[in-house]
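Presented below is the structure to which this report refers.
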Amino acid sequence: MSKKPNITQSKLPLSGRIVMFFIRHVQQGMSSMGELWRSPVSSIMTMAVLGVSLSLPAALQVLVKNAENITQSWNNAAEISLFINTGRSEQSIQSLLSRVKAFREVETVSYISRDQALEEFQRLSGFGEALSYLDDNPLPAVVTVTPSVKYSSPTGARELLVKLEREPEVNFGRLDIEWLERLQALLKLLEKTVLAIAALLVLAVVLVIGNTIRLAIMNRRTEIEVMKLVGATEAFIQRPFLYTGIWYGVIGGVLAWLIINILVWYLDGALAELLGLYGSQLTIQSLTFAELIKLVLLASFLGWLGSYLSVRQHLRNIEPS
């Protein structure tokens with residue numbers, strides 16, 4: 001009597017196991033999306049909460065970015081006024097202009113002579129007739145220096161001012177940048193505020209998703225017990241909940257992007273109308289495509305993190321009786 005051969009389960013090759021690994025993840029990812037729409041009201045409300053929570057730090061980031069763009073032009077427009085000693089000849093002043101133009105820290109140089117300064121002062125001050133009785137022109141010649149982009153910051157402009165004041169023809173220089181320093185201090189404060197608020201809202205997103213996943217686990221307690229009875233692994237059981245958290249994050253991030261775009265569109269029209277009264281044009285910059293991708297990736301990571309923390313805590317407490 002011949003002996004029956006042993007029948008063993010055939011094993012898939014490595015490539016087949018890799019393909020099946022991705023297929024199982026795709027199946028569980030799609031099934032978790034279907035689970036969201038079984039309770040559409042609660043799912044939409046959770047996604048809306050996440051979208052609003054993520055839109056607040058994103059809106060502050062847009063505000064900081066546009067404020068920096070505005071102040072960039074102001075920084076480049078910073079000017080240094082050099083008041084020339086009254087005893088200097090025109091040839092000496094022209095020599096000063098040539099030397100200053102050669103400085104690598106200088107972008108442009110303009111010159112206002114004593115006669116031009118007196119004429120401009122007469123025109124703007126309203127004391128034209130009174131000034132005509134003066135025996136001598138009391139106003140000095142002025143050289144206006146615009147720093148290059150590299151030296152347009154308050155620190156760089158101060159260094160350039162000190163260098164220019166060493167020139168023998170210069171009596172003293174003036175750089176009015178205190179307002180710019182205050183503005184930059186406010187921008188730094190705003191950036192730190194954005195980081196603090198973003199940290200709080202990130203924590204809120206993690207807690208909201210964690211609580212939502214906890215409720216989903218409680219609702220499927222019987223199903224989880226049955227899966228553990230038939231030998232399902234912890235990874236297989238928790239994977240759909242993790243994908244659910246990721247879907248919450250992705251859709252919440254897209255909603256936040258839509259909210260920001262609508263907000264920017266609404267404010268851009270009002271701002272254009274306001275600046276049009278002053279003869280200026282400015283367009284608010286919204287989130288770029290790269291920033292959108294970063295926002296969605298961050299939101300999906302927060303969704304996964306909230307789900308992971310909730311799953312690790314509550315699945316262990318469910319055991320078949």
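In this text the structure is predicted, and so the values were computed from the model without any measurement.
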Do [X] and [Y] belong together in a cluster built from hydrophobic side chains that touch within less than 4.5 Å?
X	Y	result
Leu295	Trp265	yes
Met218	Ile213	yes
Phe236	Tyr308	yes
Leu242	Leu297	yes

**Prompt:** Taking all atoms of both residues into account, what is the closest heavy-atom pair of Leu175 and Arg158, and its distance?
**Reply:** CD2-N, 3.8 Å
**Message:** Any side-chain to backbone donor/acceptor pair from Glu105 onto Leu160? Under 3.5 Å, distance only.
**Reply:** no
**Request:** Taking Ser300 for its side chain and Val296 for its backbone only, find out whether a donor-acceptor pair lies under 3.5 Å.
**Result:** yes
**Prompt:** Hydrophobic clusters join Ile, Leu, Val, Met, Phe, Trp and Tyr when side-chain heavy atoms are under 4.5 Å apart, directly or via other members; which others share one with Met45?
**Reply:** Val41
**Fill in**
Under a side-chain separation threshold of 4.5 Å, the hydrophobic residues clustered together with Leu203 are Leu207
**Message:** Quick test of your reading: applying salt bridge (Lys or Arg N to Asp or Glu O under 4.0 Å), list the pairs with at least one residue in residues 207-216, sequence neighbours left out, ordered by first then second residue.
**Reply:** none
**Request:** Sorted by first residue and then second, give each side chain to side chain donor-acceptor pair (under 3.5 Å) pair with at least one member in residues 40-50; sequence neighbours left out.
**Result:** Ser39-Ser42
**Message:** Please determine whether the number of non-hydrogen atoms from other residues, nucleotides or ligands lying under 6.0 Å from atom CD of Gln91 exceeds 12.
**Reply:** no
A side-chain contact here means heavy atoms from C-beta on lying under 4.5 Å apart; do [X] and [Y] qualify?
X	Y	result
Val106	Lys101	no
Asn85	Val170	no
Pro168	Arg88	yes
Val162	Arg166	yes
Leu164	Val145	yes
Leu287	Val62	yes

**Request:** Could you please spell out the steps behind the side chain to side chain contact (heavy atoms under 4.5 Å, CB included) verdict for Thr144 and Ile80?
**Result:** CA-CA 6 Å; Thr144 303; Ile80 298 175; over 6 Å; no
When rounded to the nearest 0.5 angstrom, what is the spacing between [atom1] in [X] and [atom2] in [Y]?
X	Y	atom1	atom2	value
Ile293	Leu298	CD1	CG	13.0 Å
Ser307	Ile217	OG	CD1	8.5 Å
Glu169	Leu97	CD	CG	9.0 Å
Phe83	Arg174	CZ	CZ	7.0 Å
Thr193	Leu186	OG1	CG	10.0 Å
Ile209	Thr244	CD1	OG1	10.5 Å

**Message:** Between Glu225 and Arg221, does any NZ, NE, NH1 or NH2 come within less than 4.0 Å of an OD or OE carboxylate oxygen?
**Reply:** yes
All N/O donor-acceptor pairs, side-chain side in residues 246-263, below 3.5 Å, sequence neighbours left out:
residue	atom	partner	partner atom	Å
Trp247	NE1	Gly29	O	2.9
Trp247	NE1	Ser32	OG	3.3
Asn261	OD1	Ser286	OG	2.8

**Asked** Ile224 and Phe241: side chain to side chain contact (heavy atoms under 4.5 Å, CB included), yes or no, with the steps?
**Response** CA-CA 12 Å; Ile224 294 172; Phe241 297 105; 4.0 Å; yes
Under 3.5 Å, which donor-acceptor pairs link side chains of residues 51-58 to any protein atom two or more places apart or in another chain?
residue	atom	partner	partner atom	Å
Ser53	OG	Val49	O	2.8
Ser55	OG	Gly51	O	3.3
Ser55	OG	Val52	O	2.7

